[in-house]
Amino acid sequence: MNDSPLPTPDSPTPRHIAIIMDGNGRWAKARHRPRSIGHRAGARAVNICIDACLEKGVQALTLFAFSSENWRRPAEEVGALMQLFLRALDREVDELHRRGVRIRFIGERSAFSPDIQTRMARAETLTAGNRQLTLCIAANYGGRWDIVQAARAAAHEVLAGRLAPDDIDEARLGSFFSLHDLPEPDLFIRTGGDLRISNFLLWQLAYCELYFTEVLWPDFDRAALHLALKDFARRERRFGMISEQLAQESPA
Ligand code: IPE
Ligand code: IPE
Ligand code: MG
């Protein structure tokens with residue numbers, strides 16, 4: 001399953017992939033193990049995706065690691081996730097830096113422990129100059145939070161006299177959102193079989209291609225990613241137009 005080739009370089013490859021990494025708990029449950037074991041197993045799939053993105057020249061990969069609603073889980077699970085997060089920050093960052101990955105975090109980070117916040121800042125600073133791939137980790141992230149923080153930032157600009165309310169258009173408001181300086185996500189993947197967005201990137205997914213798979217996140221391997229990329233390559237993205245117009249725009 002794991003060494004099948006990815007699509008050829010001339011096939012349309014997404015510039016930005018955004019993933020809801022779901023199904024860790026069910027993966028562990030099926031093995032009669034605690035949910036935390038599923039989260040640990042999910043780390044392997046993260047590395048597979050990063051490798052494939054580097055190999056394919058994907059510019060950005062955004063991973064939903066912890067939602068603003070995930071604090072509602074049992075304290076024991078939240079604690080295990082925080083431990084894992086801390087460990088990943090200690091173990092993985094230097095290697096990612098060596099491979100030219102720029103690391104970023106999106107979400108409200110003040111809710112994390114000082115330990116975690118310090119490591120997040122270090123990872124971002126250390127890797128700021130890297131250009132191979134931008135890896136965005138959505139941690140304590142919510143799409144509605146993003147809308148609120150963008151609206152608040154715009155309101156501050158208005159109050160400071162730097163922005164007129166009538167000048168707020170999609171481009172200007174969009175510039176306050178997380179990920180605004182990256183290409184918009186082209187491909188959204190959700191593993192685990194649930195057909196919902198769960199408060200992930202609400203603004204940014206406006207014209208993203210959505211792909212859902214039953215595969216549980218710890219089982220998501222190169223072959224599973226290959227299928228998603230193949231499916232993406234077949235899609236016709238019309239952005240409101242009709243097929244004939246697209247043919248005119250880019251004659252084969
Ligand atoms: C996703 O897997 C990981 C996080 C939300 C942190 P889940 O833990 O939601 O796994 P399921 O959906 O219960 O199987
Ligand atoms: C979404 O998964 C959040 C992450 C993968 C981090 P959830 O498992 O929390 O989503 P819901 O609650 O089932 O919609
Ligand atoms: Mg879940």
Side-chain angles (χ1 to χ4, degrees), residues 16-50 53 60-92 103-113 115-117 119-120 123 135-149 177-179 185 187-205 208 210-221 224-225 228:
H16 185 168
I17 303 177
I19 307 184
I20 298 189
M21 311 182 289
D22 197 23
N24 296 350
R26 279 163 284 167
W27 186 92
K29 193 171 179 195
R31 287 159 182 77
H32 308 286
R33 307 296 304 277
R35 294 178 60 86
S36 58
I37 298 293
H39 297 313
R40 229 193 286 168
R44 196 183 123 266
V46 169
N47 285 322
I48 288 172
C49 281
I50 294 171
C53 286
L61 172 66
T62 298
L63 300 175
F64 207 3
F66 192 83
S67 77
S68 43
E69 288 73 37
N70 287 147
W71 298 106
R72 305 170 78 188
R73 294 190 177 197
E76 192 189 335
E77 180 168 349
V78 172
L81 283 165
M82 293 303 137
Q83 278 306 314
L84 205 64
F85 194 21
L86 199 63
R87 224 176 43 187
L89 285 165
D90 280 338
R91 289 191 183 170
E92 311 287 348
I103 302 172
R104 280 207 198 163
F105 297 92
I106 59 169
E108 177 53 62
R109 63 180 80 185
S110 62
F112 292 111
S113 70
D115 267 7
I116 291 182
Q117 287 186 54
R119 284 165 174 80
M120 287 163 104
L135 173 66
C136 305
I137 308 288
N140 193 21
Y141 178 86
R144 287 181 174 172
W145 166 85
D146 210 353
I147 293 170
V148 168
Q149 69 79 26
F177 276 83
S178 305
L179 313 179
L187 173 62
F188 160 100
I189 299 173
R190 182 177 187 140
T191 61
D194 282 321
L195 305 180
R196 55 178 176 260
I197 295 196
S198 299
N199 198 19
F200 196 25
L201 307 161
L202 298 178
W203 172 275
Q204 298 87 340
L205 293 182
C208 191
L210 307 181
Y211 179 86
F212 296 90
T213 169
E214 293 286 332
V215 174
L216 303 173
W217 179 249
D219 291 328
F220 195 75
D221 58 9
L225 181 62

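Atoms within each ligand, like the ligands themselves, are counted from 1 in listed order.
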the protein heavy atom lying closest to atom 7 (P) of ligand 1 turns out to be Asp22 OD1, 3.4 Å

So for Asp194 against ligand 1, with non-hydrogen atoms under 4.0 Å, the contacting part is neither

Which atom of Asp22 is nearest the Mg ion (ligand 3), counting N, O or S only? It is OD1

Exercise for review: Return the orientation label for the Phe85 and Phe105 ring planes: parallel under 30°, perpendicular over 60°, tilted otherwise.
Suggested key: perpendicular

Do you see a protein non-hydrogen atom under 4.0 Å from atom 13 (O) of ligand 2?
yes

Notebook entry, point to check: Is there a nitrogen or oxygen of Trp27 sitting under 3.5 Å from a nitrogen or oxygen of ligand 1?
Noted result: no

- Item | Contact check, Arg190 vs ligand 2, heavy-atom distance below 4.0 Å | yes

- Does Trp217 use its side chain to pair, donor to acceptor, with the backbone of Gly42 at less than 3.5 Å? yes

On the 0 to 90° scale, with breaks at 30° and 60°, tag the Phe200-Phe64 ring pair as parallel, tilted or perpendicular.
-> parallel

In ligand 2, the atoms that come under 4.0 Å of a heavy atom of Arg196 are 11 (P), 13 (O), 14 (O)

Counting heavy atoms under 4.0 Å, the part of Phe200 that contacts ligand 2 is neither

Judged by heavy atoms only, the candidate from Arg35, Arg26, Arg73, Lys29 nearest atom 4 (C) of ligand 1 is Arg73

At under 4.0 Å between heavy atoms, what of Ala65 touches ligand 1? The answer is backbone

the protein heavy atom lying closest to atom 10 (O) of ligand 1 turns out to be Gly25 N, 2.9 Å

Ring-plane angle category for Tyr141 and Trp145, please: parallel below 30°, perpendicular beyond 60°, tilted otherwise. perpendicular

Report yes if some N/O of Asn70 lies less than 3.5 Å from some N/O of ligand 2; otherwise report no. yes

In this structure, atom 1 (C) of ligand 1 is nearest to the protein heavy atom Met21 O, 3.0 Å

